[in-house]
Amino acid sequence: MKKPEKIVVVGGVAGGMSAAARARRLSESAQIVVLERDAYVSFANCGMPYHVGGEIENRSALLVQTPASLAENLNLDVRVGNEVVGIDPSAKTVTVRDLNDGTTYTETYGKLVLATGASPLRPSLPGIDYPLVHTLRSLEDMDAIKEVVDAGQGRAVVIGGGYIGIEMAEALRYRGWEVSLLEAADQVLGPLDPEMAEQVQHELRRNGVELHLGASAQGFTEDSVLTCEGVLPADLVMLAIGVAPDSRLAQLAGLETTARGAIVVDPHQRTSDPDIYAVGDSVQVTDTVTGQQTVVPLAGPANRQGRVAADHMFGRDARYSSTQGTSIVKVFDVTAGGTGANEKQLRTAGIDYRKVYIHPNGHASYYPGTAAMHLKLLFSPEGTVLGGQVVGYDGVDKRI
């Protein structure tokens with residue numbers, strides 16, 4: 001395989017920057033261009049709720065790298081505020097709109113990496129475009145939310161009981177806001193089984209979060225959320241119902257995507273065009289346990305996929321096999337984590353399983369400051385581990 005002389009990466013953060021950094025380590029001479037439409041190319045997005053809540057005081061702590069530091073340390077040509085609006089696979093060019101001055105230009109590539117990520121879901125509900133409705137995906141989103149929170153305490157409605165929703169509910173309670181959390185399912189944290197999510201729900205209620213399970217938003221006014229249960233007054237609405245792959249560029253370029261919009265890639269992260277790779281939240285992956293095709297928007301898989309893509313374009317037989325979906329979240333004083341499949345996923349996949357619960361202490365009982373945790377293990381009749389979930393006060397990360 002001929003090694004590329006020029007690599008263009010569309011999108012930064014986890015997948016895009018890991019591909020660019022790995023490519024530079026494999027080649028000192030290749031021209032590597034990173035095009036990022038937002039103002040920041042490398043930041044700790046998992047830390048954004050904690051900056052809103054005040055636990056991370058300095059905003060600058062979230063900035064992992066800047067275009068200047070990446071140019072100095074890795075000789076990368078990083079251009080923020082540059083949005084790729086089209087791809088011509090036959091000419092091997094991308095069309096770029098410079099949002100800083102409104103101009104448009106064309107950039108050639110030898111190999112192209114798409115790290116376009118995912119976009120927050122915004123359902124077509126009445127009033128969805130009112131200013132009080134926010135999503136959290138970028139630092140600009142975080143700044144807008146924090147400006148509202150800093151202006152004074154009020155009433156917030158968080159829609160969605162996943163990781164972002166729970167972290168934002170916690171952050172807003174730390175700032176003294178009244179918080180109502182709406183979740184359309186009958187539990188929070190869908191990756192957990194219901195009995196494991198129960199302790200998380202108890203912790204939320206214990207800290208003043210008003211839970212509305214089995215409830216959904218029907219629309220918005222300038223100062224309230226219309227739900228299936230009635231009207232909730234709101235000064236701030238956090239919409240955190242999930243994300244969808246941002247594969248618009250791939251579709252415009254004629255690359256293969258799934259019915260749900262995920263980009264189809266091979267084990268080397270190549271798309272249906274052998275000169276175009278795709279990594280991160282926008283790509284389809286194989287579930288490690290069930291073998292089913294899915295999308296898992298997590299930074300860990302994105303980082304690995306970026307390195308695999310870079311390795312392969314420089315002649316290494318690197319492969320990404322599957323995603324296990326390991327994740328963890330802090331909920332006030334409780335921590336909840338999981339890996340592999342849960343019971344619902346195993347039943348849907350038709351996989352026979354057994355389960356066991358144990359309740360060990362977080363650390364040795366003779367040392368103060370521990371408590372019992374709840375650990376659930378799912379396994380096949382032959383003893384193969386299929387999934388694990390833990391909820392407790394300390395030591396959860398070590399077990400997962």
Side-chain angles (χ1 to χ4, degrees), residues 161-163 166 183-203 213-214 242 258-260 262 264-269 281 283-305 308 318-331 334-365 370-400:
Y163 298 110
I166 282 182
E183 169 53 55
D186 58 2
Q187 68 167 86
V188 299
L189 293 180
L192 297 183
D193 289 318
E195 75 279 18
M196 301 300 289
E198 183 60 41
Q199 186 177 350
V200 174
Q201 291 161 190
H202 172 75
E203 183 70 4
L213 301 178
T258 69
R260 293 189 174 184
V264 177
V265 294
D266 69 8
H268 307 298
Q269 299 302 135
D281 296 355
V283 306
Q284 178 178 257
V285 298
T286 301
D287 185 280
T288 300
V289 176
T290 67
Q292 296 178 338
Q293 300 303 301
T294 185
V295 176
V296 181
L298 292 171
N303 276 311
R304 292 197 300 276
Q305 291 161 7
V308 166
R319 297 169 183 264
Y320 186 87
S321 58
S322 63
T323 297
Q324 192 166 307
T326 306
S327 55
I328 194 164
V329 62
K330 182 179 82 70
V331 190
V334 162
T335 303
T339 191
N342 59 28
E343 286 199 60
K344 180 181 179 180
Q345 291 168 323
L346 293 173
R347 288 194 297 267
T348 300
I351 297 174
D352 191 16
Y353 67 92
R354 306 289 185 269
K355 60 184 175 183
V356 65
Y357 301 88
I358 61 172
H359 307 279
N361 286 325
H363 58 255
S365 58
T370 191
M373 64 175 63
H374 307 293
L375 192 154
K376 178 179 184 177
L377 189 70
L378 299 167
F379 56 96
S380 72
E382 298 76 32
T384 301
V385 175
L386 302 174
Q389 302 164 40
V390 189
V391 181
Y393 290 93
D394 72 306
V396 170
D397 54 340
K398 298 180 177 67
R399 272 66 176 189
I400 287 300

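Rounded to the nearest 0.5 angstrom, E203 CD and I166 CD1 are separated by 11.0 Å. How far CG of D352 is from CZ of F379: 10.5 Å, rounded to the nearest 0.5 Å. Distance check: I400 CD1 to I328 CD1 gives 7.0 Å after rounding to the nearest 0.5 Å. Considering CG of L375 and CD1 of I358, their distance stands at 4.5 Å, rounded to 0.5 Å.
With hydrogens and angles disregarded, no donor-acceptor distance shorter than 3.5 Å links the side chain of N361 to the backbone of A364. A donor-acceptor pair under 3.5 Å links the side-chain atoms of T370 to the main chain of G362, judged by distance alone.
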Test side chain to side chain donor-acceptor pair (under 3.5 Å) on Q284 and T294; report intermediate values, then the result. CA-CA 6 Å; Q284 178 178 257; T294 185; over 6 Å; no
List the steps and the verdict of side-chain contact (heavy atoms from CB on, under 4.5 Å) for L213 and V188. CA-CA 8 Å; L213 301 178; V188 299; 4.1 Å; yes
Stepwise side-chain contact (heavy atoms from CB on, under 4.5 Å) test for V391 and V331: CA-CA 10 Å; V391 181; V331 190; over 6 Å; no
Take D397 and T335 through the test side-chain contact (heavy atoms from CB on, under 4.5 Å) and record every step on the way to the result. CA-CA 8 Å; D397 54 340; T335 303; 5.9 Å; no
Please determine whether side-chain contact (heavy atoms from CB on, under 4.5 Å) holds for the pair M373 and H359, giving the CA-CA distance in whole Å, both sets of side-chain angles, and the decisive distance to 0.1 Å. CA-CA 5 Å; M373 64 175 63; H359 307 279; over 6 Å; no
Side chain to side chain donor-acceptor pair (under 3.5 Å) between S322 and T288: does it pass, once the steps are laid out? CA-CA 5 Å; S322 63; T288 300; 2.7 Å; yes
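Contact record, N342 with G190: ND2-O, 3.4 Å, taken as the closest heavy-atom pair. Taking every heavy atom of both residues into account, T290 and A341 meet most closely at CG2-CB, 4.4 Å. What you find for A262 and V283 is that their closest heavy atoms are CB-C, 4.1 Å. Of all non-hydrogen atoms in V308 and Y320, the two that sit nearest each other are CG1-N, 4.0 Å. Counting all heavy atoms, side chain and backbone alike, P301 lies closest to T323 at CG-CG2, 3.8 Å. Looking at every heavy atom in both residues, E183 comes nearest to G161 through OE1-N, 2.6 Å.
T286 and Q292 form no side-chain donor-acceptor contact under 3.5 Å, judged by distance and modelled atom types alone. T339 and T326 share a side-chain donor-acceptor pair at under 3.5 Å.
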Name every donor-acceptor pair, under 3.5 Å, that has one atom in a side chain of residues 192-200 and the other anywhere in the protein, sequence neighbours excluded.
from, atom 1, to, atom 2, distance (Å)
D193, OD1, E343, N, 3.1
D193, OD2, E343, N, 3.4
D193, OD2, K376, NZ, 2.7
D193, OD2, Q389, NE2, 2.9
E195, OE2, Y357, OH, 2.5
E195, OE2, K376, NZ, 2.6
E198, OE1, Q201, NE2, 3.3
Q199, OE1, H374, NE2, 3.2

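In this structure, R399 has no side-chain hydrogen bond (donor to acceptor under 3.5 Å, both in side chains) partners at least two apart in sequence or on a different chain. Annotation: side-chain hydrogen bond (donor to acceptor under 3.5 Å, both in side chains) contacts of D281 (sequence neighbours excluded): R137.
Atom CZ of R347 sits in a crowded spot, with more than 12 heavy atoms from other residues, nucleotides or ligands closer than 6.0 Å.
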